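For reference, the structure is listed below as structure tokens.
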Amino acid sequence: MEQQIETLFKWLDETTELIIKQEDVPYLDGLVAASELLIYRDLPDDLEEGYHNQLQTQIKKIDLSEYTAEMRRKALQLAILKGMKGQTQQHHYITPDTVGMFIGYLVQRFIGKDQPYTLFDPACGTANLLFAVLNQQESLKASIKSYGSEVDPTLIQLAYINANLQEKEVEYFHQDSLKPILLEPVDVVTSDLPVGYYPDDVTAQAYELKAEEDHSFSHHLFIEQSIKYTKEGGYLFFVVPSMLFENDQKEKLQSFLKEHTHIVGLLQLPETMFKHDSMRKSIFILQKKGEATKDPKKVMLADLPSFKDAKAMENVLQQLNQWFENER
Ligand code: SAM
């Protein structure tokens, strides 16, 4: 599998380099064009002859059907990471694979294998997290209806490419997700939330979790918006700063969560994933309150070890199994 991912990544990278050299565009835009070439295997008529031939040779070198959806996701992810390298905009960060796969595991444990459901990521970026979660739900790929929303034009294009490359259907919204979304509430929300201040104070006025003075925290507004678009009894899995409750808005956030949700779990991501302790993140699990829902007997708490440490990870998974047993 590793070898095939590498081959597909190399193809994407080489083709992207050809395109950016000729067309003088940023790497990520070239990557969108290279991926489209891979999917549609079609060239525009008006290309300069040498360039046309080079691209034609590239097309002939690859057969997409030899690669599974996970291989395609991973190869594209490697190319996106290459394109994002050196960019300073923090919001361009893609959710790491390990985190996506772990959330995928959690979603399956909470929702069960045989239950069809709807899934939404309101800050979907390149949709790497969305697909890492989806590709974990082996037994029922066909019956998960998925949605993603993203404001950044390049990232939403990469999200489209990700879906097309994997031949999966996702309904995307290219918009500010903190404005109303034309979407019925879903069963599951997963999102690696953008952290920081939300600049649009007028839109923030519609939120209970708005700041009284200055800009509001976008991750707080995202939590409120996600709960709004979740069905009663539905689950939410967020990647949040571990310091979520260490700011002057914490009381407001806590009482909002208490009113509308059950706090189900807080799992600290491995220390080794972050440069500074202050940047550390956690997986935060909520259930939206409904008629038949109740607080868990115990909140699921864990400090996750490095994902590379198989033994320690096994230990944590056993603890989680125990948690699920006790909650039955
Ligand atoms: N999970 C994504 C992935 O795997 O590529 C990465 C998510 S990234 C941490 C957070 C995303 O939120 C960024 O892509 C950013 O552009 C997006 N974002 C920030 N503010 C937004 C807003 N108001 N509406 C929609 N998306 C927003």
Side-chain angles (χ1 to χ4, degrees), residues 1-2 4-5 8 67-78 80-81 94-148 158-159 161-172 186-193 226 230 234-240 264-265 267-270 273 281-287 300 302 304-310 312-321 323-324:
M1 170 146 166
E2 294 306 318
Q4 277 169 292
I5 295 170
L8 188 55
Y67 302 89
T68 64
E70 260 305 81
M71 289 172 189
R72 297 177 198 187
R73 180 183 70 78
K74 289 191 173 177
L76 182 65
Q77 176 195 236
L78 289 175
I80 293 173
L81 284 171
I94 185 169
T95 307
D97 241 14
T98 41
V99 177
M101 284 156 92
F102 193 74
I103 294 182
Y105 159 81
L106 289 170
V107 170
Q108 186 156 85
R109 288 302 308 260
F110 277 95
I111 310 301
K113 282 192 178 135
D114 309 314
Q115 187 81 1
Y117 62 89
T118 46
L119 176 69
F120 177 43
D121 184 345
C124 72
T126 63
N128 193 50
L129 171 64
L130 191 65
F131 284 112
V133 171
L134 268 179
N135 290 352
Q136 294 278 302
Q137 320 298 307
E138 287 303 337
S139 62
L140 32 71
K141 277 178 205 151
S143 48
I144 306 170
K145 179 91 187 81
S146 341
Y147 306 88
L158 290 164
I161 287 297
N162 223 337
N164 288 344
L165 206 55
Q166 296 184 57
E167 297 167 75
K168 300 255 170 76
E169 214 176 292
V170 176
E171 199 173 312
Y172 288 118
V186 295
D187 299 296
V188 180
V189 166
T190 57
S191 199
D192 182 354
L193 297 182
S226 302
T230 304
Y235 283 92
L236 305 100
F237 302 81
F238 295 119
V239 178
V240 295
V264 178
L267 308 173
Q268 278 236 74
L269 287 167
M273 284 180 71
K281 296 205 174 173
S282 295
I283 298 172
F284 189 36
I285 311 167
L286 299 169
Q287 184 183 27
M300 177 193 271
L304 298 177
S306 160
F307 288 111
K308 289 186 199 127
D309 186 343
M313 207 56 216
E314 176 102 354
N315 229 324
V316 166
L317 291 180
Q318 264 176 20
Q319 285 173 33
L320 298 188
N321 277 336
W323 184 90
F324 282 104

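Not measured: the values here are computed from a predicted model.
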### Query
Is it true that the side chains of Q166 and N135 contain a donor and an acceptor less than 3.5 Å apart?
yes

### Task
Check the side chains of D121 and S191 for a donor-acceptor pair under 3.5 angstrom, ignoring hydrogens and angles.
yes

Evaluate the side-chain proximity of [Y] to [X]: yes if any heavy-atom separation is below 4.5 Å, no if none is.
{"X": "V316", "Y": "L304", "answer": "yes"}
{"X": "I285", "Y": "L236", "answer": "no"}
{"X": "D192", "Y": "I94", "answer": "no"}
{"X": "L119", "Y": "V186", "answer": "no"}
{"X": "L129", "Y": "C124", "answer": "no"}
{"X": "V188", "Y": "T118", "answer": "no"}

### Query
Is the CD atom of Q319 crowded by more than 12 outside heavy atoms at less than 6.0 Å?
yes

### Task
Answer yes or no: does atom CD of E314 have more than 12 heavy-atom neighbours from other residues, nucleotides or ligands under 6.0 Å?
no

### Whether F102 and F307 hold their rings parallel, tilted or perpendicular, with breakpoints at 30° and 60°
tilted

### Query
Parallel, tilted or perpendicular: which describes the rings of F110 and Y235, with under 30° parallel and over 60° perpendicular?
tilted

[X] to [Y] - nearest heavy-atom pair and separation:
{"X": "L165", "Y": "R72", "answer": "O-NH1, 2.7 Å"}
{"X": "Y172", "Y": "A127", "answer": "OH-CB, 3.5 Å"}
{"X": "K74", "Y": "M101", "answer": "NZ-CE, 4.2 Å"}
{"X": "M273", "Y": "P96", "answer": "CE-CG, 3.7 Å"}
{"X": "P122", "Y": "S226", "answer": "CG-OG, 3.6 Å"}
{"X": "F238", "Y": "L286", "answer": "CE1-CD1, 3.8 Å"}

### Message
The test is side-chain contact (heavy atoms from CB on, under 4.5 Å); show your working for D187 and I111 and say whether it passes.
### Response
CA-CA 9 Å; D187 299 296; I111 310 301; 5.8 Å; no

[atom1] of [X] to [atom2] of [Y]: how many Å apart, nearest 0.5 Å?
{"X": "E169", "Y": "I144", "atom1": "CD", "atom2": "CD1", "answer": "13.0 Å"}
{"X": "L130", "Y": "L134", "atom1": "CG", "atom2": "CG", "answer": "5.0 Å"}
{"X": "I5", "Y": "R73", "atom1": "CD1", "atom2": "CZ", "answer": "8.5 Å"}
{"X": "L8", "Y": "M71", "atom1": "CG", "atom2": "CE", "answer": "9.5 Å"}
{"X": "L267", "Y": "L320", "atom1": "CG", "atom2": "CG", "answer": "6.5 Å"}

Taking [Y]'s backbone N and O only, do any of them form a donor-acceptor pair with [X]'s side chain (distance below 3.5 Å, no angle check)?
{"X": "E167", "Y": "A163", "value": "no"}
{"X": "N162", "Y": "T126", "value": "yes"}
{"X": "N128", "Y": "T95", "value": "yes"}
{"X": "Q137", "Y": "G104", "value": "yes"}

### side-chain contact (heavy atoms from CB on, under 4.5 Å) between V264 and W323, worked out
CA-CA 11 Å; V264 178; W323 184 90; 3.8 Å; yes

#### Entry: Ring center gap for F284 and F237 short of 6.0 angstrom
no

### Query
Given Q136 and Q108, is the side-chain contact (heavy atoms from CB on, under 4.5 Å) satisfied, shown in steps?
CA-CA 8 Å; Q136 294 278 302; Q108 186 156 85; 5.9 Å; no

### Message
Quick one, F324 with M300, criterion side-chain contact (heavy atoms from CB on, under 4.5 Å). Give me CA distance, side-chain angles, the key distance, then yes/no.
### Response
CA-CA 9 Å; F324 282 104; M300 177 193 271; 3.8 Å; yes

